[in-house]
Amino acid sequence: MLLDQLDSLAPMGYNVGLHIRFATPLVYKSSYPEPWVEYYNSHSYYLRDPLVFWGVGVEGTTRWSSIPLPDPFGVMKKAAAHGLNYGAVSSYGPITSRSIVGISRSDREFSDDELSTLRELTIRLHIEAKPPSDLTKAQIEALQCVANGDRHSAAAERLGITESAFKARLTSARVRLEARTTSEAVRKAREYRLL
């Protein structure tokens, strides 16, 4: 699994934000030390973090120490106080759906080979988490009915179709979303901001 590879690459943890749109990632995962994550979130550092600004503005991979942006809120110094002394960040994808992955360690800078591995993992994570954008209007309507709590017969009547046609729309939506159940399809559609 790709996150397991990040775990082995980053002794002090990692932070993954995939397909960031409108300042919100589609997928977010952090294995940084919990006290740091709580402190970071409680101070809204994601709005002030030079690593985030770099990742949004530049596509590439670099060490934290190589980022030329100012850090007026001392985010990096506070991270080091939690053991995140050295790190690297990788950014990939179009600005409208950017993925940013950060990794850290306490003992040394990351090597060039480790930066290459981080870059490869970032690209693979971005590609694997790509949200579907090709649901039809009919599929979205069917999922929205289920999300609203409508029974199949009521939803079919509301849409002016047969119940079997409604079920067919749900089935095709599940296939496109790679969901095993309709409730999973609704959840994924919400995560992908299709509903």
Side-chain angles (χ1 to χ4, degrees), residues 1-34 36-41 43-71 73 75-76 78-79 82 84-105 109-135 176-179 184-195:
M1 181 179 205
L2 297 176
L3 294 180
D4 292 336
Q5 292 178 51
L6 274 180
D7 261 333
S8 62
L9 184 64
M12 285 304 294
Y14 61 79
N15 200 36
V16 174
L18 302 176
H19 294 280
I20 301 167
R21 296 175 178 177
F22 309 109
T24 304
L26 179 64
V27 176
Y28 175 79
K29 173 82 171 123
S30 179
S31 71
Y32 285 147
E34 191 60 36
W36 170 240
V37 173
E38 288 177 15
Y39 187 82
Y40 185 95
N41 290 336
H43 288 80
S44 299
Y45 279 160
Y46 54 89
L47 298 172
R48 306 169 176 161
D49 189 339
L51 302 176
V52 174
F53 285 110
W54 183 88
V56 169
V58 176
E59 186 178 359
T61 304
T62 192
R63 293 172 186 87
W64 292 354
S65 60
S66 299
I67 294 176
L69 297 173
D71 186 7
F73 295 95
V75 176
M76 302 312 297
K78 290 170 183 149
H82 285 85
L84 287 76
N85 299 317
Y86 302 96
V89 62
S90 187
S91 174
Y92 180 78
I95 192 71
T96 55
S97 188
R98 181 73 42 99
S99 292
I100 303 172
V101 178
I103 57 175
S104 183
R105 59 184 315 131
E109 290 279 13
F110 285 95
S111 70
D112 289 346
D113 286 343
E114 289 168 324
L115 291 181
S116 294
T117 300
L118 173 60
R119 180 73 177 155
E120 178 185 320
L121 289 172
T122 302
I123 293 168
R124 289 174 60 199
L125 284 163
H126 177 86
I127 291 168
E128 287 191 15
K130 184 178 188 307
S133 58
D134 57 351
L135 285 184
R176 285 203 182 176
L177 292 169
E178 297 178 11
E184 184 182 359
V186 168
R187 180 185 56 78
K188 284 186 168 188
R190 282 182 173 145
E191 287 174 0
Y192 299 151
R193 297 182 189 92
L194 299 172
L195 295 183

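This structure is a prediction, so every number in the text was calculated from the model and none was measured.
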Test item: [X] and [Y] side chains (from C-beta on) under 4.5 Å apart, heavy atoms:
X      : Y      : answer
Leu125 : Leu3   : yes
Leu177 : Leu135 : yes
Arg119 : Leu115 : no
Arg105 : Leu9   : no
Met12  : Tyr86  : no
Arg124 : Gln5   : yes
Leu6   : Leu118 : yes
Ser99  : His19  : yes

Between [X] and [Y], what is the shortest heavy-atom contact and its length?
X      : Y      : value
Leu47  : Phe53  : O-CZ, 3.3 Å
Ser91  : Arg98  : OG-CD, 2.8 Å
Ala185 : Ala179 : N-CB, 3.5 Å
Tyr14  : Asp7   : CE2-OD1, 3.4 Å
Gly17  : Pro25  : CA-CB, 3.9 Å
Asn85  : Ser104 : N-OG, 4.2 Å

How long is the span from the [atom1] atom in [X] to the [atom2] atom in [Y], to the nearest 0.5 Å?
X      : Y      : atom1 : atom2 : result
Arg176 : Lys188 : CZ    : NZ    : 14.5 Å
Ser66  : Glu109 : OG    : CD    : 7.0 Å
Lys78  : Asp49  : NZ    : CG    : 11.5 Å
Ser90  : Trp54  : OG    : CH2   : 6.5 Å
Leu84  : Met76  : CG    : CE    : 8.0 Å
Asp112 : Thr117 : CG    : OG1   : 11.0 Å

TODO: Step by step, work out the side chain to side chain contact (heavy atoms under 4.5 Å, CB included) result for Val101 and Leu121.
DONE: CA-CA 9 Å; Val101 178; Leu121 289 172; over 6 Å; no
Does Thr122 form a side chain to side chain contact (heavy atoms under 4.5 Å, CB included) with Thr61? I'd like the steps, not just the answer.
CA-CA 9 Å; Thr122 302; Thr61 304; 5.7 Å; no
Under the criterion side-chain hydrogen bond (donor to acceptor under 3.5 Å, both in side chains), I'd like the reasoning laid out for Tyr28 against Asn15: C-alpha separation, chi angles, the key distance, then a yes or no. CA-CA 8 Å; Tyr28 175 79; Asn15 200 36; 2.9 Å; yes
ring-ring contact (aromatic ring centres under 6.0 Å, His included) filter on Phe110, not counting sequence neighbours, yields none
Tested for ring pair (Phe, Tyr, Trp, His ring centres under 6.0 Å) against His43, the lone hit among Tyr40, Tyr46, Tyr39 is Tyr39
Do the side chain of Glu59 and the main chain of Pro94 share a donor and acceptor less than 3.5 angstrom apart?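 A pair under 3.5 Å: no.
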- Go through Leu18 and Lys29 one step at a time and tell me if the side chain to side chain contact (heavy atoms under 4.5 Å, CB included) criterion holds. CA-CA 9 Å; Leu18 302 176; Lys29 173 82 171 123; over 6 Å; no
* Leu195 and Val186: CA distance, side-chain angles, deciding distance, side chain to side chain contact (heavy atoms under 4.5 Å, CB included) verdict -> CA-CA 8 Å; Leu195 295 183; Val186 168; 4.1 Å; yes
In terms of the angle between their ring planes, are Trp36 and Tyr45 parallel, tilted or perpendicular, with boundaries placed at 30° and 60°?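 Tilted: the ring planes of Trp36 and Tyr45 meet at 30° to 60°.
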